[in-house]
Amino acid sequence: VPFSFCVNTSNIGTTGRLTVEDMKFLENQGNTAFSHGHEHIWHGRVSDEEADNSLRTARNLLKEWGMSGYDILAYPYGNATKKTREIARRYYRAAFSVRSDGYNTMPLNQFYIFRQGIDSGNWEEYKNIIDNAPDNSWIVFFGHVNNTGNDSSDYINGYRGLIQYIKSKDIPILNVKDALDVKGNI
């Protein structure tokens, strides 16, 4: 199953974090590395210059490292001000936010694409979201692998069950780059 993972580029290669070689290996398996900014800061709460520097630096490093999702962003803390979205447009072709129902309908707002968090582990709720998705919509699920408990066997089995459920509905599972190529306003 292809997946995507967003990274703060300032953490790459630090103790306990992915290296550039790790990211290249995962990308070679059909997955996509994309930006979460250089640092994990709320870009709307810092100066425009700091926000611009973080977003530009992350994009440039991901491109330099050969990552296919160098031009895709997931806003840290799941939200962005109007100014942050304007800055993101300078460097990215799309950016992801967070919303509780997680549905994206067409035409797509390329700099406010909704993601549905699954860190709570409420697997039946996520199946309900799938079942009630509007026609021709796009659901983007995301989780944080570094959260306490997300590496437990119950959590892993929950992911496995959700993936099997999505497959049983004949819904394609794509990484964000491939999904944007299908659903984006290009």
Side-chain angles (χ1 to χ4, degrees), residues 1-46 48-81 84-99 102 104 110-120 138-152 155-156 159 162-163 173-181 183-184:
V1 173
F3 65 90
S4 299
F5 55 101
C6 57
V7 296
N8 297 115
T9 52
S10 66
N11 292 329
I12 300 304
T14 62
T15 303
R17 302 295 179 130
L18 293 172
T19 65
V20 173
E21 292 74 27
D22 294 331
M23 293 192 306
K24 286 181 179 182
F25 173 81
L26 291 169
E27 284 231 341
N28 287 334
Q29 304 302 309
N31 307 301
T32 301
F34 68 110
S35 177
H36 203 40
H38 187 59
E39 306 89 10
H40 196 273
I41 57 174
W42 192 328
H43 295 99
R45 293 186 178 174
V46 298
D48 293 352
E49 183 179 312
E50 289 173 281
D52 187 282
N53 184 57
S54 176
L55 297 177
R56 178 177 25 83
T57 299
R59 180 197 186 277
N60 290 346
L61 285 171
L62 289 170
K63 186 173 184 178
E64 177 184 318
W65 296 334
M67 300 298 111
S68 63
Y70 72 90
D71 59 352
I72 304 167
L73 170 68
Y75 299 114
Y77 304 103
N79 211 333
T81 63
T84 303
R85 291 191 304 273
E86 289 171 3
I87 294 168
R89 286 178 184 274
R90 297 175 194 163
Y91 306 109
Y92 299 95
R93 73 173 174 136
F96 290 82
S97 186
V98 175
R99 191 168 98 183
N104 293 285
Q110 296 262 136
F111 286 85
Y112 220 65
I113 301 170
F114 301 123
R115 299 176 297 157
Q116 170 64 50
I118 58 175
D119 286 334
S120 70
W138 178 23
I139 303 172
V140 180
F141 287 113
F142 82 98
H144 293 88
V145 296
N146 60 334
N147 284 359
T148 304
N150 287 9
D151 59 352
S152 72
Y155 203 82
I156 292 168
Y159 265 118
L162 184 62
I163 290 167
I173 298 175
L174 305 171
N175 65 48
V176 295
K177 182 186 172 302
D178 293 344
L180 274 170
D181 289 345
K183 292 288 189 182

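Numbering of residues begins at 1 and proceeds along the displayed sequence. Just so you know, these numbers use all the heavy atoms, side chains as well, and skip hydrogens, waters and symmetry mates.
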Distance-only side-chain donor-acceptor flag, [X] / [Y], under 3.5 Å:
X   : Y   : result
N60 : Y91 : no
H38 : T9  : yes
S68 : E27 : yes

Which residues pass the side chain to side chain contact (heavy atoms under 4.5 Å, CB included) test with [X], sequence neighbours left out?
X   : answer
F5  : F3, V7, L18, M23, L26, N31, A33
E50 : V46, S47
T14 : N11, R17
R45 : W42

- Crowding at CD, E49 (>12 non-hydrogen neighbours, <6.0 Å):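 No, because the 6.0 Å sphere around CD of E49 holds 12 heavy atoms or fewer from other groups.
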Main chain of [Y], side chain of [X]: is a donor-acceptor contact present, judged purely on distance under 3.5 Å?
X    : Y    : value
N175 : K177 : yes
S4   : V176 : yes
E39  : S54  : no
R59  : S35  : no
N104 : I113 : no

- Message: For T19 and D22: C-alpha separation, side-chain torsions, deciding distance, then whether side chain to side chain contact (heavy atoms under 4.5 Å, CB included) applies.
- Response: CA-CA 5 Å; T19 65; D22 294 331; 3.1 Å; yes
- Message: Determine whether L180 and F34 satisfy the following criterion, side chain to side chain contact (heavy atoms under 4.5 Å, CB included), listing intermediate values before the conclusion.
- Response: CA-CA 13 Å; L180 274 170; F34 68 110; over 6 Å; no
Working to the nearest 0.5 angstrom, can you tell me the gap between [X] [atom1] and [Y] [atom2]?
X   : Y   : atom1 : atom2 : result
D48 : E86 : CG    : CD    : 8.5 Å
I12 : M67 : CD1   : CE    : 8.5 Å
L61 : N8  : CG    : CG    : 12.0 Å
H36 : F96 : NE2   : CZ    : 12.5 Å

- Please lay out, stage by stage, how I87 and H43 fare under the test side chain to side chain contact (heavy atoms under 4.5 Å, CB included). CA-CA 10 Å; I87 294 168; H43 295 99; over 6 Å; no
- Message: A cation-pi test, strictly: NZ or CZ of R115 under 6.0 Å from the centre of the six-membered ring of F142 and no more than 45 degrees from its axis. Yes or no?
- Response: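 Output yes; distance and angle both within limits.
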- S97: partners by side-chain hydrogen bond (donor to acceptor under 3.5 Å, both in side chains), with sequence neighbours left out: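 Expected list: none.
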- Carefully, step by step, assess I139 and F114 under the rule side chain to side chain contact (heavy atoms under 4.5 Å, CB included). CA-CA 8 Å; I139 303 172; F114 301 123; over 6 Å; no
Extract all donor-acceptor atom pairs below 3.5 Å that involve side chains of residues 70-78 and protein atoms in other chains or at least two apart in sequence.
{"from": "Y75", "atom 1": "OH", "to": "F111", "atom 2": "O", "distance (Å)": "2.9"}
{"from": "Y77", "atom 1": "OH", "to": "H40", "atom 2": "ND1", "distance (Å)": "3.3"}

- Which pair of non-hydrogen atoms, one from P2 and one from L174, has the smallest distance, and what is that distance?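 Of all heavy-atom pairs spanning P2 and L174, the closest is CG-CA, 4.2 Å.
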- Can you see which heavy atom on Y159 is nearest to which on G143, and at what distance?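 That closest heavy-atom pairing would be OH-CA, 3.6 Å.
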- Task: Could you check if a side-chain atom of K24 sits within less than 4.5 angstrom of a side-chain atom of V20, using non-hydrogen atoms only?
- Result: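 K24 reaches V20 side chain to side chain.
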- Message: Under 4.0 Å between a side-chain nitrogen and a carboxylate oxygen: does that hold for D178 and K183?
- Response: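 No salt bridge links D178 with K183.
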